[in-house]
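Residue numbers start from 1 in every chain, and the chains themselves are labelled A, B, ... in the order their sequence lines are given, proteins ahead of strands. Below, all heavy atoms of this structure are taken into account, side chains as well, without hydrogens, waters or symmetry copies.
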Amino acid sequence: MDHKLELANAIGTQTGIPAAELVDYIEIPPNPEMGDYAFPCFRLAKSLKKAPAAIAAQLKDEVQLPGGIARVEAAGGYLNFFANKDEYTKAVLDAVLSADRYGATQQGENKNVCIEFSSINIAKPVHIGHLSSTAIGNSLCRIYGYLGYNTIAINHLGDWGTQFGKMIVAYQKWGSREMVEKESVRGLVKLYVRFHEEAEKDESLNDEARAWFRKIELGDPDALELFNWFKEISLKEVMQIYELLDVHFDSYAGESFFEDKMKPIIDELGAKGLLKVDNGATLVELEEYGMPPCIILRSDGATLYATRDLAAARYRKATYNFVKSLYVVAYQQNLHFQQFFKVLELLGDDWVKDMEHVNFGMVSMEEGTLSTRHGNVVYLEDVLKAAIDKTLDIIKEKSPDLEDKQSAARAVGVGAVVWGVLYNSRIKDITFSWGKVLNFDGETGPYAQYTHARCCSVLNKAGGYDANAVDYSKLDDPAVAALVKAIAVFPDAIQTAASKNEPYIVARATIDICATFNRFYYDNRIMDDDAAIRNARLAITDAARKVIATGLYLVGLKAPERM
RNA sequence: GUUUCCGUAGCUCAGCAGGAUAGAGCGUCCGCCUCCUAAGCGGAAGGCCCCGGGUUCAAAUCCCGGCGGGAACGCCA
């Protein structure tokens with residue numbers, strides 16, 4: 001299917017240049033009319049002491065075409081090769097139709113990849129700002145899983161800190177069991193906001209909060225009961241969202257889990273002479289690496305974020321022996337990760353090279369920064385619900401006879417929202433707008449899902465086809481060539497997406513298949529009267545269906561058969 | 001101030017281990033359902049690829065310097 005190496009060999013024998021060097025030069029022309037492969041002769045001009053166009057013209061006559069390549073043309077300094085279309089189409093479609101999971105590999109067999117993502121804060125609402133990490137992390141889990149890796153999805157819960165002391169104080173003063181049970185996390189947030197309002201007037205509340213958190217740390221039964229209850233409520237609520245998103249975790253080991261695991265690494269830092277006390281704080285100096293110091297202990301002796309991350313990294317290495325450990329966390333924390341990775345390096349943990357901060361841009365509102373305190377937030381749950389409601393309306397209008405409208409609406413509504421954060425490179429900032437998340441036209445999740453459903457619909461109506469008797473010469477439409485190419489490139493997209501940790505590459509490769517399929521669909525009646533033509537068109541429709549379903553899966557979307 | 005990321009069509013973004021006329025969606029305008037899902041398809045308009053140098057046969061892509069914007073920068077996470 002891939003002729004690059006054979007072409008490199010053929011050119012190599014003519015020019016005397018090693019094929020290994022030439023193979024990287026071979027490219028795919030921007031326009032299919034130019035051919036399927038192109039070799040730019042410019043680079044050979046110097047060593048061969050000839051003009052590029054002359055080299056191309058000469059090679060055109062001399063080069064021995066490998067099997068599967070039908071002809072060659074010289075165009076300026078380019079040598080353009082044309083594959084034998086029928087053979088190429090057959091090779092690509094056979095690969096899809098015969099494979100269980102097209103594009104899947106075993107390259108990750110017996111290798112563990114840790115992926116930390118979502119990492120929600122207990123007792124705080126899950127808002128749209130949490131979607132990026134959750135969606136990107138989930139997609140990466142699926143992509144690595146598809147490549148054979150064993151993935152460990154880690155939700156590094158924010159479940160520790162004086163904030164819980166504050167919650168307890170607020171709950172005892174202004175809350176009630178009924179209120180919290182009824183209003184759940186939103187009730188807790190109200191209490192939290194109230195606490196900050198009151199604390200502005202009355203400083204002593206902060207002392208009370210610290211005292212209560214101290215009780216949690218010491219294992220006081222009353223304090224622990226409330227703490228665990230708040231945690232339970234929060235988790236219960238967030239689970240519903242994860243259920244909707246079809247996201248699952250292997251570990252919820254968060255901050256509280258590492259509370260008793262930091263001492264050894266602090267001791268080791270001290271023993272290796274990396275610690276320094278400055279203004280009361282204990283830190284690792286990183287000036288010679290162009291970074292501010294990494295604080296390990298506050299002046300009051302308390303541990304910090306970095307301390308916990310160090311302990312967590314060690315724990316994960318020991319527990320999972322990962323070949324890769326990813327942190328899907330916003331780019332605001334770039335410096336933190338650079339610092340904490342550097343500290344591990346200084347400790348001699350050479351596996352730090354396998355760790356990567358998979359950063360992404362920030363979400364803001366049209367009115368400005370997201371802020372729970374100022375009420376400038378949009379709850380993720382509300383966004384998902386709105387998208388589902390809108391989808392349901394569309395389904396009622398367009399597919400009134402669809403049996404299970406609810407589940408289709410869930411798949412498509414959620415898909416539209418998730419797709420929104422996975423269609424561009426991670427680093428881009430996002431300004432939330434209802435108009436945008438509720439747009440289902442164009443390059444969107446619903447578009448991909450719609451195309452998939454369309455394929456399913458045709459295939460269902462056809463009732464089947466004979467995959468072993470496909471006459472590929474019947475597929476002579478120009479749209480077919482584009483579709484076949486889009487399908488052929490899909491496995492490369494998965495590889496690139498994994499190597500860059502960029503789900504959008506899969507999303508876009510999927511859209512390319514959808515767009516070319518829809519063009520094909522309009523140019524050709526699949527259910528043609530001619531049995532051979534019909535069979536071939538059904539085969540390519542089925543291939544498109546399979547790959548689109550895979551693409552949707554890899555970015556975390558469902559692929560309903562009807563919508 | 002220092003570090004870092006970003007700057008491509010009105011808007012949102014692809015393209016950037018250099019290569020052939022710079023692409024897509026949204027929005028705008030025009031057209032297409034007696035036929036397999038119109039959440040679709042076709043067409044039009046719309047670009048000093050932020051600016052200036054440099055490297056190269058070739059720069060949106062690499063390097064340097066500006067300008068503009070985001071983010072981070074010692075006891076939050």
What nitrogen or oxygen pairs link the protein and nucleotides 56-61 of chain B at under 3.5 Å?
| from | atom 1 | to | atom 2 | distance (Å) |
| --- | --- | --- | --- | --- |
| B:C57 | OP1 | A:Lys46 | NZ | 3.2 |

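- The ring pair (Phe, Tyr, Trp, His ring centres under 6.0 Å) test with A:His336 is passed by exactly one of A:Tyr331, A:Tyr327, A:Tyr305: A:Tyr305.
- The side chain of A:Met34 sits closest to B:A20 out of B:A20, B:G74, B:U37.
- Side chain of A:Leu335, nearest nucleotide from B:U21, B:G74, B:C73: B:C73.
- Minimum atom distance to the side chain of A:Lys428 is reached by B:A14, of the listed B:A20, B:G74, B:A14.
- An anti base is found at B:C41: its glycosidic angle is more than 90° from 0.
- Residue-level contact check: A:Asp24 touches neither bases nor backbone, having no heavy atom under 4.0 Å from any strand.
- Between A:Ile216 atom CD1 and A:Phe230 atom CZ the span is 8.5 Å, to the nearest 0.5 Å.
- Within residues 411-426 of chain A, the residues that place at least one heavy atom under 4.0 Å from RNA chain B are, in residue-number order, A:Val412, A:Asn424, A:Ser425.
- How far CG of A:Leu269 is from CG of A:Leu283: 11.0 Å, rounded to the nearest 0.5 Å.
- Nearest nucleotide to the A:Gln332 side chain, out of B:U37, B:A20, B:A71: B:A71.
- A:Glu561 comes within contact range of at least one nucleobase, with a heavy-atom separation under 4.0 Å.
- Distances were taken from every side-chain heavy atom of A:Arg454 (C-beta onward) to each of B:G15, B:G40, B:A77; the shortest belongs to B:G40.
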Distances for protein N or O near nucleotides 44-46 of chain B N or O, under 3.5 Å:
none

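- Proximity of A:Arg308 to the phosphate of B:A77: a side-chain N or O atom is located under 4.0 Å from OP1 or OP2.
- Geometrically, A:Lys166 does not engage A:Phe195 in a cation-pi contact defined by less than 6.0 Å to the ring centre and at most 45° from the axis.
- Ring pair A:Trp160/A:Phe227: centre-to-centre distance below 6.0 Å.
- We find the CD-OG1 distance between A:Glu255 and A:Thr303 to be 9.0 Å, quoted to the nearest 0.5 Å.
- Note on A:Asp523: nothing from the nucleic acid sits closer than 4.0 angstrom, heavy atoms only.
- Atom C1' of nucleotide B:C73 and atom CD of A:Glu287 are separated by 13 Å, given to the nearest angstrom.
- Heavy atoms of A:Arg525 sit under 4.0 angstrom from at least one base atom.
- With distances taken from any side-chain atom of A:Tyr450 to the nucleotides B:C76, B:U12, B:G40, the minimum falls on B:G40.
- Closest approach to the A:Asn334 side chain among B:A38, B:U37, B:U4 is made by B:U4 (side chain taken as heavy atoms from C-beta onward).
- In A:Asn31, the CG atom is crowded: over 12 heavy atoms of neighbouring residues, nucleotides or ligands sit closer than 6.0 Å.
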Distance-only criterion, 3.5 Å: show the donor-acceptor pairs between side-chain atoms of residues 41-48 of chain A and protein atoms not counting sequence neighbours.
| from | atom 1 | to | atom 2 | distance (Å) |
| --- | --- | --- | --- | --- |
| A:Ser47 | OG | A:Leu44 | O | 3.4 |

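- Dashed line: the shortest gap from a side-chain N or O of A:Lys124 to OP1 or OP2 of B:A77 is not under 4.0 Å.
- A search for salt bridge (charged side-chain N to carboxylate O under 4.0 Å, His left out) contacts involving A:Lys261 returns nothing, not counting sequence neighbours.
- Whole-Å rounding puts the A:Lys342 NZ to B:C73 C1' distance at 18 Å.
- A:Pro30 comes within 4.0 angstrom of a nucleotide base, judged by non-hydrogen atoms across all strands.
- Here A:Tyr504 does not reach the OP1 or OP2 of B:G25: none of its side-chain N or O atoms lies under 4.0 Å away.
- Across all strands shown, B:A71 forms a Watson-Crick or G-U wobble pair with B:U3, both key distances being under 3.5 Å.
- Residue contacts for A:Met362: at a heavy-atom cut-off of 4.0 Å it reaches the sugar-phosphate backbone alone, with no base atom in range.
- Residue contacts shown for A:Gln338 are absent, as no nucleic acid heavy atom lies under 4.0 Å away.
- The residue A:Leu304 sits close only to the backbone: its heavy atoms come under 4.0 Å of sugar-phosphate atoms, none of a base.
- Remark: the A:Asn439 side chain and the B:G25 base include no donor-acceptor N/O pair separated by less than 3.5 Å.
- In this structure, A:Asp401 reaches neither bases nor backbone, as no heavy-atom distance under 4.0 Å exists between it and the strands shown.
- In the model, A:Tyr447 has a side-chain atom that pairs as donor or acceptor with a side-chain atom of A:Asn518 under 3.5 Å.
- In this structure, A:Ala462 reaches neither bases nor backbone, as no heavy-atom distance under 4.0 Å exists between it and the strands shown.
- For A:Asn80 against B:A20, a side-chain N or O and a base N or O form a donor-acceptor pair under 3.5 Å.
- Listed nucleotides: B:U37, B:G40, B:G7. Nearest to the side chain of A:Tyr447: B:G40.
- Side-chain atoms of A:Ile427 lie closest to B:C5 of the nucleotides B:A20, B:C26, B:C5.
- Atom OH in A:Tyr289 sits about 19 Å away from atom P in B:U3, given to the nearest Å.
- Checking A:Thr541, A:Ile526, A:Thr451 one by one against A:Tyr521, the side-chain contact (heavy atoms from CB on, under 4.5 Å) holds for a single residue, A:Ile526.
- Residues passing the salt bridge (charged side-chain N to carboxylate O under 4.0 Å, His left out) test with A:Asp309: none are found, sequence neighbours excluded.
- Counting non-hydrogen atoms of other residues, nucleotides and ligands closer than 6.0 Å to CD of A:Glu561 gives a total of 12 or fewer.
- A 3.5 Å limit on both hydrogen-bonding distances identifies B:A24 as the Watson-Crick or G-U partner of B:U12.
- At the phosphate of B:A38, OP1 or OP2 sits under 4.0 Å from a side-chain N or O atom of A:Tyr522.
- In summary, the side chains of A:Arg71 and A:Asn80 do not present any donor paired with an acceptor at a separation below 3.5 Å, with no hydrogens or angles considered.
- A:Phe440 has its ring centre no less than 6.0 Å from the ring centre of A:Tyr450.
- For A:Asp278, counting side-chain heavy atoms from C-beta on, the closest listed nucleotide (B:C36, B:G74, B:U37) is B:G74.
- Note on A:Thr391: a base of the nucleic acid sits closer than 4.0 angstrom, heavy atoms only.
- Among the protein residues, A:Ala45 comes within range of no part of the nucleic acid, since none of its heavy atoms lies under 4.0 Å from any strand.
- With a cut-off of 3.5 Å on both Watson-Crick or G-U wobble distances, the partner of B:A17 is given as none.
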Test salt bridge (Lys or Arg N to Asp or Glu O under 4.0 Å) on A:Asp207 and A:Arg210 and set out the steps. CA-CA 5 Å; A:Asp207 298 329; A:Arg210 269 190 286 272; 3.0 Å; yes
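- The distance from atom CG of A:Asn206 to atom P of B:C76 is 13 Å, rounded to the nearest whole Å.
- Residue A:Leu402 is out of contact with every strand shown, counting any heavy-atom pair closer than 4.0 Å.
- Atom OH in A:Tyr331 sits about 16 Å away from atom P in B:U4, given to the nearest Å.
- Nucleotides B:A59 and B:G52 have their C1' atoms positioned 15 Å apart, rounded to a whole Å.
- Using N1 to N3 plus N6-O4 or O6-N4 for Watson-Crick, or N1-O2 and O6-N3 for G-U wobble, each under 3.5 Å, B:C41 pairs with B:G31.
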